[in-house]
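Here is the structure we will look at.
Just so you know, these numbers come straight off a predicted model, no measurement behind them.
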Amino acid sequence: MATTNPIAQLGGLARRLVQDGLLSEEDAGIASQEANENKRPLITHLVHAGLVGSREAAVAASQEYGVPLFDLDVIDPANMPAGLVEEKLVRKHHALPLIKRGNRLFLAVSDPTNHQGLDEIKFHTGLTTDAVLVEENKLAAAIDHALDVEDTSMSELLDEDLENLDIGAGDEEDNKEKESNLDVDDAPVVRYVNKILLDAINSGTSDIHFEPYERSYRVRFRQDGMLHERANPPINIAARLAARLKVMARMNIAERRVPQDGRIKMNLSRNRSIDFRVNTCPTLYGEKVVLRILDSSAATLGVESLGFDSRQKEHFLDAVAKPYGMILVTGPTGSGKTVTLYTALNLLNESEVNISTAEDPVEIQVAGINQVNVNPKTGLTFAEALRAFLRQDPDIVMVGEIRDLETAEIAVKAAQTGHLVLSTLHTNDAPQTLTRLANMGIPAFNIASSVNLILAQRLARRLCEHCKTLDDVPHDTLREEGFSDEEIRQGVTVYKPVGCDKCTKGYKGRVGIFEVMPVSDAMGKLIMENGNAIQIRDLAKSEGLQDLRASGLAKVKQGITSLEEINRVTKD
C-alpha cells in the first residue's frame, strides 16, 4: 500500500516554502488552515505572523507562480496613478495601482492567486489588469501611504466619530449657530476638515496650511519644522473649505478681502481638548488658511527635555532663581522661544508668587498664571498690558515680545525695581541682542544693570533612533565644519538619516540648539563703554560661551542629529 507524501497535500506556496527549507511541514499545515479560517491570503498570514520573511515569501511565490517580482522601493509614489481604484477595493484585495499604460493597469499584489480581486478591479475600472508581485510588508506600507496622501475623496470618509467631534470657537460664546452657515450638501466637507485636523494632531504636526492655486489645491503639514504635502482636495471645493474653517473659528465668512484671525477649540474627549490658532489671508486664487496647533502639554516640559548641556542648564537655572532682572530669549519664528519661556514659568509657578504674561496670542494656557491676549485694535498693546501688570503687585512678568522702545523701557524699569522679567527679541544671536536694545534707544547703563541672561536658540530635527546609520565623513570635512583637531584625533562619530515607517525622512522630533550668555560684570562694563556685538562676542567666548554652531556640533557628536541638519539651522 502506497504511503501518502504529506508535502504533496500542501498547497502550491506552502509546498514550495517547505521544499526550500523556509517552513516546516507542521507549521505550513497549521498556517494554511489558519489562513483559510481567517479568509486571508497565505502569504499575508505567514509574513504578519513572522513565520517567513517578506522577501523570502515573495521570491518563493514568484518562482512557484511564474509572476515577475518587482521592488517597490525603485518607484516614486508620486508617479503611481491615483484615484483609479476605490479605497475599499484596494484594501479588500490588497492590490495597489502601480502603472497605467494605455488600457492596461498593472497592480502591485503580494498574492498572485487572487484572480477574483483582479477581475473585480477590472470590472470597476474598465481596464485590463495585470499582476506584479511585490513584497508583502512593502505593499502594506505603500497602500497606507498612498491612501493617506491621496485622501481627497469626500465620499470615502466613513468614520462616524468625525461628525460627532465637539468643535467650536476658542472663546466662551454660544456655538449653537456655528453650523447654520453650512448647507446640508457641505456635510462631506465638515467630515473632511475634521479628518485633516485629527490627522494633524495624531502625526505631531505644528501647523496646517490650506492653500488654493489656479488649477490645484493642497494641504501641507509642518512636522519637525519642515512642510510636507499631505493631501490634494479638488480645487472646486476651495471656497467651501475656507468657509468651513472660518465658521469653526467664528470669523466673518462674507469677508474675503482682508486677513482675519480666530481660534478653534476641538474637544476630543471629556479630558482632552486641542486649540488651534487660525489666520486667513486673501491670495490670487482664494483664501489661504493656516492653523497653528497650540500644545498646552509643552507647559509641563522639564528643563531636561529642552536640550541644554550641563553648563547651559546651570546658567539658565541661576538666572531663573534670581528675584529680579531680565531674561531675554532670541531666535526666529518657530525656534521654540515660547516653550523655553514657559519652562521657566513652570519652575516659578507657585502660590507664593504673582505671575502675569502678555502675549500675542496666548499659546499655552497654564493654571496659576494670569495670561493676557494683547489686542492693538482696542489699544491693549504690550506696553499697556505691562503698565497694568505693574499696578497689580507682580513678582514675575512675561512679555511675549519687545517690539518697540516704549515696551523696552517699561520692561527694563520693571527689571530694575524688583521684578523678574522674561521676554523675547528678534536677533540672530545673543551678543547682537545687547546692541539691538541700545539701537532701540535704551541707555547703556540701564541695559547693563537690568539684563541677567540672554539665550539664543534654534530647533534641529532629531535623528530617528530606529534607522539612523553611521556617516563616513573625511577628516578634512570635519575640520572645515568646525570640529577641532583634538576632537578628530579622539574620534568623531557622525550619523545620517535613512528613513523608516517610524519617522519622517529619517527624523523624529526636535531638540534645542542653544547659546546661553550670562551678562557678567566685565560684560556690563563693556556695554557701558558702548562695545559692539563683535567685542561682546569675543569677551563672551573668553568667558566660556558656547555659540550656536558649537552647540549644534556637540549634538552631532552625541548622535542626536546630523551634520546636514546642523548646517541647515546654523550655517552662516
Side-chain angles (χ1 to χ4, degrees), residues 294 296 298-303 306 315-331 336-426 433-434 436-437 440-443 445-455 516 518-519 524:
L294 307 179
S296 296
T300 61
L301 290 176
V303 177
L306 292 179
H315 288 321
F316 179 73
L317 293 178
D318 285 347
V320 169
K322 290 183 179 179
Y324 57 87
M326 185 182 291
I327 298 173
L328 293 174
V329 182
T330 181
K337 299 189 297 295
T338 301
V339 171
T340 300
L341 288 174
Y342 267 96
T343 300
L345 291 180
N346 196 52
L347 293 171
L348 299 166
N349 188 13
E350 298 177 353
S351 59
E352 292 83 6
V353 295
N354 177 22
I355 304 177
S356 297
T357 73
E359 302 167 72
D360 184 19
V362 173
E363 294 192 14
I364 301 172
Q365 298 180 26
V366 181
I369 297 178
N370 308 289
Q371 298 171 281
V372 174
N373 266 324
V374 301
N375 187 350
K377 292 180 181 178
T378 62
L380 183 57
T381 61
F382 281 118
E384 286 300 318
L386 195 46
R387 284 195 185 94
F389 292 163
L390 295 178
R391 293 192 292 269
Q392 294 208 332
D393 184 31
D395 295 298
I396 300 161
V397 172
M398 195 265 272
V399 185
E401 183 182 349
I402 294 178
R403 298 176 178 173
D404 50 51
L405 176 60
E406 183 181 18
T407 306
E409 286 178 335
I410 300 172
V412 166
K413 289 177 182 176
Q416 291 174 325
T417 54
H419 307 96
L420 182 63
V421 180
L422 294 83
S423 189
T424 70
L425 205 63
H426 280 287
T433 304
L434 294 171
R436 168 73 175 139
L437 288 172
M440 291 176 71
I442 302 297
F445 173 80
N446 286 340
I447 297 173
S449 61
S450 61
V451 180
N452 292 338
L453 181 79
I454 301 174
L455 188 154
V516 181
V519 179

Quiz item: Hey, mind stepping through L317 and L347 against side-chain contact (heavy atoms from CB on, under 4.5 Å) and telling me if it holds?
Solution: CA-CA 9 Å; L317 293 178; L347 293 171; 3.8 Å; yes
Practice problem: Grab the two heavy atoms, one from G325 and one from N452, that are nearest each other, plus how far apart they are. | Solution: CA-ND2, 3.3 Å
Exercise. Over all heavy atoms of both residues, which pair between D395 and E352 is shortest? Give the atoms and the distance, please.
Key: OD2-O, 4.1 Å
Practice problem: Please list, chain by chain and in numerical order, all residues satisfying side-chain hydrogen bond (donor to acceptor under 3.5 Å, both in side chains) with Q371, sequence neighbours excluded. | Solution: Y342
Self-check item: Test log, rule side-chain contact (heavy atoms from CB on, under 4.5 Å), inputs L341 and T357
Solution: CA-CA 11 Å; L341 288 174; T357 73; over 6 Å; no
Quiz prompt | Chi angles and distances behind the side-chain contact (heavy atoms from CB on, under 4.5 Å) call for L390, T417 | solution = CA-CA 10 Å; L390 295 178; T417 54; 5.8 Å; no
Exercise. Output all residues satisfying salt bridge (Lys or Arg N to Asp or Glu O under 4.0 Å) with R436, sequence neighbours left out; order by chain, then residue number.
Key: none
Quiz item: Excluding sequence neighbours, so at least two apart, what forms side-chain hydrogen bond (donor to acceptor under 3.5 Å, both in side chains) with S450?
Solution: none
Quiz item: Which heavy-atom pair separates A344 from V320 by the least distance, and what is that distance?
Solution: CB-CG2, 3.9 Å
Exercise. Report the distance from atom CG of L386 to atom CE of M398, rounding to the nearest 0.5 Å.
Key: 12.0 Å
Practice problem: Taking the side chain as every heavy atom from C-beta outward, state whether L437 and V451 have any pair of such atoms under 4.5 Å apart. | Solution: yes
Self-check item: Set of side-chain contact (heavy atoms from CB on, under 4.5 Å) partners for N373, sequence neighbours left out
Solution: P361, V362
Quiz prompt | Counterpart residues, side-chain hydrogen bond (donor to acceptor under 3.5 Å, both in side chains), relative to N446 (two or more places apart) | solution = Q416
Self-check item: Atom pair NE2/OG1 of H426 and T433 - distance to nearest 0.5 Å
Solution: 11.5 Å
Practice problem: State, with a plain yes or no, whether a side-chain heavy atom of V366 is found less than 4.5 Å away from one of L345. | Solution: no
Quiz item: Out of curiosity, L422 CG to I396 CD1, how far, rounded to the nearest 0.5 Å?
Solution: 7.5 Å
Quiz prompt | Pairwise salt bridge (Lys or Arg N to Asp or Glu O under 4.0 Å) hits with a residue in residues 398-407, at least two apart | solution = D360-R403, R387-E406, E401-R403
Quiz item: Taking only residues two or more places apart in sequence or in another chain, which ones pass ring-ring contact (aromatic ring centres under 6.0 Å, His included) with F389?
Solution: none
Quiz item: Do the side chain of T381 and the main chain of P376 share a donor and acceptor less than 3.5 angstrom apart?
Solution: no
Practice problem: Can you see which heavy atom on F382 is nearest to which on A358, and at what distance? | Solution: CE2-O, 3.3 Å
Quiz prompt | Heavy-atom closest contact (L425 atom, I402 atom, distance) | solution = CD1-O, 3.2 Å
Quiz prompt | Contacts of type side-chain contact (heavy atoms from CB on, under 4.5 Å), residue S351, not counting sequence neighbours | solution = none
Quiz item: How far apart are the closest heavy atoms of M440 and A408, and which atoms are they?
Solution: CE-CB, 4.1 Å
Quiz item: Quick one: side-chain contact (heavy atoms from CB on, under 4.5 Å) partners of P518, sequence neighbours excluded?
Solution: H315, L453
Quiz item: Only one of N346, I355, L348, V353 forms a side-chain contact (heavy atoms from CB on, under 4.5 Å) with I369, so which one is it?
Solution: I355
Quiz prompt | For N354, all residues meeting side-chain hydrogen bond (donor to acceptor under 3.5 Å, both in side chains), sequence neighbours excluded | solution = N370
Practice problem: Sequence neighbours left out, what passes side-chain contact (heavy atoms from CB on, under 4.5 Å) with E409? Give chain and number order. | Solution: L405, I442
